Amino acid sequence: MLNTDKNLKLYYSISEVARMFDVNESLLRFWEKEFPQLNPKKAGRGVRQYRKEDIEVVKLIYHLVKERGMTLPGARQRMKDNKEATMRNFEIVDRLKAIREELVGMKLALDAFTYEDVEALKENLTNP
């Protein structure tokens with residue numbers, strides 16, 4: 001879903017942000033109209049420049065609308081009423097997903113061990 005190297009740049013084009021979230025550029029422009037919190041800087045000729053803060057807002061909108069299945073009015077109300085709590089909940093869910101991915105990776109690595117590998121490891125530990 002997300003590109004993790006977003007800390008390297010100050011500004012991102014609309015096409016880069018669209019690729020980060022695997023959405024159309026037109027959806028991001030639509031969300032700008034629907035959510036006043038999303039307001040990227042516009043350079044010459046109306047070229048949008050998304051900052052890290054804008055990407056965080058897009059991430060929250062994406063979570064509410066695409067992942068949680070909320071309607072646009074519901075997501076807009078949630079962000080208006082209690083953006084801090086919504087963001088905190090999203091960050092917790094995001095951290096839990098990362099922990100789950102790490103645990104699944106560990107499980108796969110452990111599953112790759114054969115009985116012979118375990119026995120050899122025991123042997124090496126008991127006879128140094």
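All residue numbers in this chain count up from 1 along the given sequence. Here the structure is a predicted model, which means the values were calculated and not measured.
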Thinking salt bridges, do [X] and [Y] make one under a 4.0 Å N-O criterion?
X	Y	value
E16	K9	yes
K122	E119	yes
K97	E67	yes

Check the hydrophobic clustering (I, L, V, M, F, W, Y; side-chain heavy atoms under 4.5 Å; chains of links allowed) and say if [X] and [Y] are grouped together.
X	Y	value
V47	F30	no
V57	V93	no
L72	F21	yes

Quick check: closest heavy atoms across [X] and [Y], and the distance to 0.1 Å?
X	Y	answer
A18	L28	N-CD1, 3.6 Å
L38	Y50	CD1-CE2, 4.1 Å
W31	Y62	CH2-CA, 3.9 Å
D54	Q49	OD2-O, 4.0 Å

Hey, could you give me the [atom1]/[atom2] distance between [X] and [Y], rounded to the nearest 0.5 Å?
X	Y	atom1	atom2	answer
E101	L96	CD	CG	11.5 Å
R48	N39	CZ	CG	10.0 Å
Y11	I55	OH	CD1	12.0 Å
N24	I14	CG	CD1	10.0 Å
L121	L125	CG	CG	5.0 Å
L10	K41	CG	NZ	10.0 Å

Is the closest side-chain heavy-atom distance between [X] and [Y] below 4.5 Å?
X	Y	result
R19	S15	yes
K66	L27	yes
R100	V104	yes

- Task: Could you pull out all residues at least two apart from E53 that satisfy side chain to side chain contact (heavy atoms under 4.5 Å, CB included)?
- Result: R51

- Item | R88 and E91: CA distance, side-chain angles, deciding distance, salt bridge (Lys or Arg N to Asp or Glu O under 4.0 Å) verdict | CA-CA 5 Å; R88 213 172 25 253; E91 289 169 355; over 6 Å; no

- Message: Taking salt bridge (Lys or Arg N to Asp or Glu O under 4.0 Å) as the definition, give me every residue that meets it alongside R68, ordered by chain and number, with sequence neighbours left out.
- Response: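 By the salt bridge (Lys or Arg N to Asp or Glu O under 4.0 Å) rule, R68 matches no residue at all.
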
